[in-house]
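Single-structure report; data block below.
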Amino acid sequence: MTQVRIGIIGGSGLYRMEALKDVEEVRVETAFGDPSDALIVGNLDGVPVAFLARHGRHHQLLPTEVPYRANILAMKQLGVEYILSASAVGSLQAEIAPLDLVIPDQFIDRTFARPSTFFGNGLVGHVTFGDPFCPALSQLLAEAVSLAEIPEIKLHQGGTYVCMEGPAFSTKAESQLYRSWGAQIIGMTNLTEAKLAREAEIAYATLALVTDYDCWHPDHDSVTVEMVIANLHKNATNAQKVVRSAVGLLSDRWPESAAHEALRYALMTPPEHVPAETRQRLALLLQKYWG
Ligand SMILES: CSC[C@H]1O[C@H](OP(=O)(O)O)[C@H](O)[C@@H]1O
Ligand SMILES: Nc1ncnc2[nH]cnc12
């Protein structure tokens, strides 16, 4: 199978990368089912990458329905070591305005109806997740924003992303609660993806595109899909420029990441006590340590 080291996951409003050349649609089957869509393998300025539309190319999958495990495992099967994610988010703070960019560094997990681990079925593992985004990859993404020279776009480096279950947006009481917790942005997808990427030893960073003020701001209307889409259309081109320059930087540096060794001290169950079927299903993640 084609091998690529860089994966790109596009969220709401980013269903394809226009600058991708020599594209091939790869239907990847995984032990956790089919990914959201075919992976689009091609090259960005000569660098091989694999692109995946998180909700499917026609946006058919709810945040709860996205097959996150299959998506991450499909990336791993292609050889991906770094994932750049692009996501639409609401702002929970006045100084983070619609159309701004945020590179988050923390999460608060409010999801409750989706699998978020590869472990279980006789294999217990606990990965370190204190820094849920890869700091080196996030720093590189910030440099890519400067390199992309996007006029009048403000970048916020760092920030806490509240990951809610959805699909309905938050109530005002919830939105105020998250503000009181000091969180900066809100979305419905990234926590699950980042956790699974960590378990798969893939470095993960997010470029968050702010589309709205959720529903807490007294001077702005509550978020609607129409609002999100209108703002995404305005900055989807910017997102692609940033991702493109990030891929260029990444292919020069291939930074070290603690994520690449995340399973070294995470596996609790001795291999001889793990059911053969579970070992088989997770072979790609375990083979480095268990042969
Ligand atoms: C269309 S608004 C809500 C939707 O947008 C975000 O998606 P993604 O993270 O894939 O860009 C948010 O998480 C919700 O899924
Ligand atoms: N306000 C919001 N809440 C949750 N997810 C979002 N995605 C974009 N805006 C959002």
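Start at 1 and go down the list; that is how both ligands and their atoms are numbered. In this chain, residues are counted from 1 in sequence order. No hydrogens, no waters, no symmetry mates; every other heavy atom, side chains included, goes into these values.
- For ligand 2, the atoms closer than 4.0 angstrom to any heavy atom of Ala88 are 7 (N), 8 (C).
- By the 6.0 Å and 45° rule, Arg281 stacks over the aromatic ring of Phe32.
- At a heavy-atom distance under 4.0 Å, only side-chain atoms of Thr211, from C-beta outward, approach ligand 2.
- Donor-acceptor pairing under 3.5 Å is lacking for the side chains of Thr30 and Arg69.
- For residues 117-130, the side-chain hydrogen bond (donor to acceptor under 3.5 Å, both in side chains) pairs, not counting sequence neighbours, are Thr117-Glu199.
- Within the 4.5 Å cutoff, the side chain of Gln106 has heavy atoms near those of the Asp131 side chain.
- Which parts of ligand 2 touch Met188 is read off a 4.0 Å heavy-atom cut-off, strictly below it: atoms 4 (C), 5 (N).
- Between Lys241 and Glu149, none of the side-chain N atoms (NZ, or NE/NH1/NH2) sits under 4.0 Å from a carboxylate O, so this pair counts as no salt bridge.
- In this structure, Val243 and Met17 have side chains that are in contact, with non-hydrogen atoms separated by less than 4.5 Å.
- With salt bridges taken as basic N to acidic carboxylate O contacts below 4.0 Å, one links Lys195 and Asp109.
- A side-chain donor from one of Gln139 and Gln157 sits under 3.5 Å from a side-chain acceptor of the other.
- What sits closest to atom 10 (C) of ligand 2 on the protein, heavy atoms only, is Gly90 N, 3.5 Å.
- Considering both main-chain and side-chain atoms, Val228 never comes within under 3.5 Å of ligand 2 through any nitrogen or oxygen pair.
- Listed by chain and residue number, the protein contacts of ligand 1 are Gly11, Ser12, Arg54, His55, Pro63, Ser87, Ala88, Phe169, Gly187, Met188, Thr189, Val228 (heavy atom within 4.0 angstrom).
- Using a 4.5 Å heavy-atom cutoff, the side chains of Pro63 and Arg114 are in contact.
- Within ligand 2, the atoms closer than 4.0 Å to a non-hydrogen atom of Asp214 are 1 (N), 2 (C), 3 (N), numbered from 1 in the order shown.
- Scanning the protein for heavy atoms near atom 9 (N) of ligand 2, the closest one is Asp212 OD2, 2.6 Å.
- In the hydrophobic clustering of ILVMFWY residues, with side-chain heavy atoms under 4.5 Å counting as a link, Tyr161 and Val145 come out apart.
- The protein non-hydrogen atom at the shortest distance from atom 5 (N) of ligand 2 is Gly187 CA, 3.5 Å.
- Each of the atoms 2 (C), 3 (N), 4 (C), 6 (C), 10 (C) of ligand 2 lies under 4.0 Å from some heavy atom of Phe169.
- Scanning the protein for heavy atoms near atom 6 (C) of ligand 2, the closest one is Ile186 O, 3.7 Å.
- Comment: Glu261 engages Lys288 in a salt bridge, judged by a side-chain N to carboxylate O separation of less than 4.0 angstrom.
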